[in-house]
There are 2 protein chains.
Amino acid sequence: MRRFRGEAENKVDGKGRVSIPAPFRRVLEEGDPDWSDGFNPNFVLVYGRRNNKCLEGYSLKSMNDVDDLVSRLPRYSKEREILERFLNSQSIYAQVDENGRIVLPPKLRQIAKITSKAMFVGMGEKFQIWEPDSYQKDMKLMEQRLSENNLEEEIYSLLDDREKTLKRYEES
Amino acid sequence: MRRFRGEAENKVDGKGRVSIPAPFRRVLEEGDPDWSDGFNPNFVLVYGRRNNKCLEGYSLKSMNDVDDLVSRLPRYSKEREILERFLNSQSIYAQVDENGRIVLPPKLRQIAKITSKAMFVGMGEKFQIWEPDSYQKDMKLMEQRLSENNLEEEIYSLLDDREKTLKRYEES
DNA sequence: TTGATTTCCATATTTTCCCATGCTATACCT
DNA sequence: AGGTATAGCATGGGAAAATATGGAAATCAA
């Protein structure tokens with residue numbers, strides 16, 4: 001399965017329309033069970049998470065997986081109601097149009113403070129949509145935290161010892 | 001199958017009429033076996049749930065699913081009697097009209113304390129109708145519970161570590 | 001009859017759809 | 001290699017359709 005990679009800054013017009021970066025569209029197409037050549041993929045936009053600082057896009061497939069997990073919990077259980085509330089009320093379907101664009105509803109633009117430009121950020125199984133300045137700030141913050149605490153080395157070591165770590169997790 | 005997603009606040013007029021959010025109508029149409037293009041879907045409104053704080057709308061299909069689950073419970077068991085009582089006596093059929101609206105009978109409006117506005121909340125296989133202020137309060141409560149029970153982590157792992165979470169569920 | 005409910009019509013606003021334009025990268029041809 | 005068609009991409013604008021909402025007429029019920 002293809003992954004969301006890279007960054008792209010696109011314009012948002014008065015109607016709230018933005019182009020989805022073409023490479024992201026390819027991933028969305030692959031992740032929409034109903035998609036076929038010549039048509040446009042649907043996907044899910046999640047808002048209200050991550051402290052309302054950005055929006056997140058998930059392919060239908062990965063969202064379906066999540067929904068399946070939740071629907072295995074007992075119907076009407078507290079836990080399920082809470083999860084359902086957050087996953088379903090704070091997300092909408094979005095459909096890519098003929099020109100590769102989506103419309104960001106006013107509410108979502110407001111939540112992420114998006115006005116005339118939107119930064120698309122690949123995150124592997126999902127992508128994020130940021131107001132460009134907010135994104136820069138967030139990126140700076142991350143870098144700062146990394147270097148201040150000398151975490152850089154530690155984080156990358158997670159990658160190197162992946163299999164060992166995995167085993168450790170499984171054993172526990 | 002499409003799911004109920006997102007939130008929308010609509011006006012309720014003196015006669016109790018409210019617009020069903022268009023995206024929700026699409027789900028109801030899909031979930032009504034008798035629906036065909038150009039017609040209006042029927043569905044079910046349940047009003048005895050969640051301590052009478054909101055109403056719940058089910059597509060005909062998802063209501064059937066619920067009924068099937070109930071009928072699998074032991075006949076005359078306490079649980080089955082309770083569920084049957086609530087789901088059957090505390091619910092009505094509702095029919096979307098030509099303009100995409102339904103009429104909320106006075107009784108139901110009173111139960112959910114709905115007067116001039118109604119908040120529609122997507123919950124996956126069902127949706128809820130709240131008095132907007134009550135909904136805000138309930139949402140705050142849920143957020144609190146999220147952080148208290150460390151469900152926040154759960155949500156992130158649902159969204160991000162799908163495979164690991166899947167394994168955990170399968171094992172349990 | 002009279003109050004309530006349903007059906008029908010009207011409309012402002014939003015959203016969707018369709019077409020057009022530069023621009024860029026790629027394919028193709030000689 | 002050089003030049004030229006071709007297709008895809010990001011963007012803009014206007015026409016058309018859909019949405020949310022209000023109100024009037026018609027129907028029903030007590």
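None of these values were measured; they are calculated from a predicted model. Proteins come first, then strands; the chains are lettered A, B, ... in the order of their sequence lines, and each starts at number 1. Heavy atoms only: backbone and side chains are in, while hydrogens, waters and symmetry mates are out.
- Distance CG (A/Asn40) to P (C/dT16): 13 Å, rounded to an integer number of Å.
- Residue A/Arg26 places none of its side-chain N or O atoms closer than 4.0 Å to OP1 or OP2 of D/dG8.
- Between the C1' atom of D/dA15 and the CD atom of A/Glu98 lies a distance of 17 Å, rounded to the nearest Å.
- Note on A/Ile20: it clusters hydrophobically with A/Val27, by side-chain heavy-atom contacts below 4.5 Å among ILVMFWY residues.
- Checking A/Tyr93 against A/Gln95 by side-chain atom types alone, no donor-acceptor pair falls below 3.5 Å.
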Begin from the C-alpha positions of B/Glu7 and B/Tyr135 and carry the test side chain to side chain donor-acceptor pair (under 3.5 Å) through to its verdict.
-> CA-CA 11 Å; B/Glu7 306 159 309; B/Tyr135 176 62; 2.7 Å; yes

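- Other residues, nucleotides and ligands place no more than 12 heavy atoms under 6.0 Å from the NZ atom of B/Lys137.
- Taking atom CG of residue B/Asp37 and atom C1' of nucleotide D/dA17, one finds them 14 Å apart after rounding to whole Å.
- Taking CZ from A/Arg72 and CZ from A/Arg80, the interatomic distance works out to 12.0 Å, rounded to the nearest 0.5 Å.
- In the model, B/Gln110 has no side-chain atom that pairs as donor or acceptor with a side-chain atom of B/Tyr47 under 3.5 Å.
- With 3.5 Å as the limit, one finds a donor-acceptor pair spanning the side chains of A/Ser91 and B/Arg5.
- Remark: C1' of D/dG12 and NZ of A/Lys117 are 16 Å apart, rounded to the nearest angstrom.
- Between atom CD of residue A/Glu81 and atom CZ of residue B/Arg145 there is a gap of 9.5 Å, rounded to the nearest 0.5 Å.
- The number of heavy-atom neighbours closer than 6.0 Å to CE of A/Met1, taken from other residues, nucleotides and ligands shown, is above 12.
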Write down the protein N/O and nucleotide N/O pairs, taken from nucleotides 9-14 of chain C, whose separation is under 3.5 Å; answer none if there are no such pairs.
residue, atom, partner, partner atom, Å
C/dC9, N4, B/Asn99, ND2, 3.0

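- At whole-Å resolution of the value, CD1 in B/Ile102 and C1' in C/dT6 are 15 Å apart.
- Note on ring orientation: taking the six-membered ring where Trp is involved, the planes of A/Phe24 and A/Phe127 are tilted (angle from 30° to 60°).
- Nucleotide D/dA17 holds its P atom 17 Å from the CZ atom of B/Arg25, rounded to whole Å.
- Fit an axis to the five pairs at each end of the helix from C/dT1-D/dA30 to C/dT30-D/dA1 and the two axes sit 40° apart, to the nearest 10 degrees.
- Regarding A/Asp97, its CG atom lies at a distance of 18 Å from the P atom of D/dG14, rounded to whole Å.
- Within 6.0 Å of atom CZ in B/Arg85, 12 or fewer heavy atoms from other residues, nucleotides or ligands are found, so the atom counts as exposed in its surroundings.
- Non-hydrogen atoms lying under 4.0 Å from DNA chain C are contributed by A/Lys15, A/Arg17, all within residues 8-21 of chain A.
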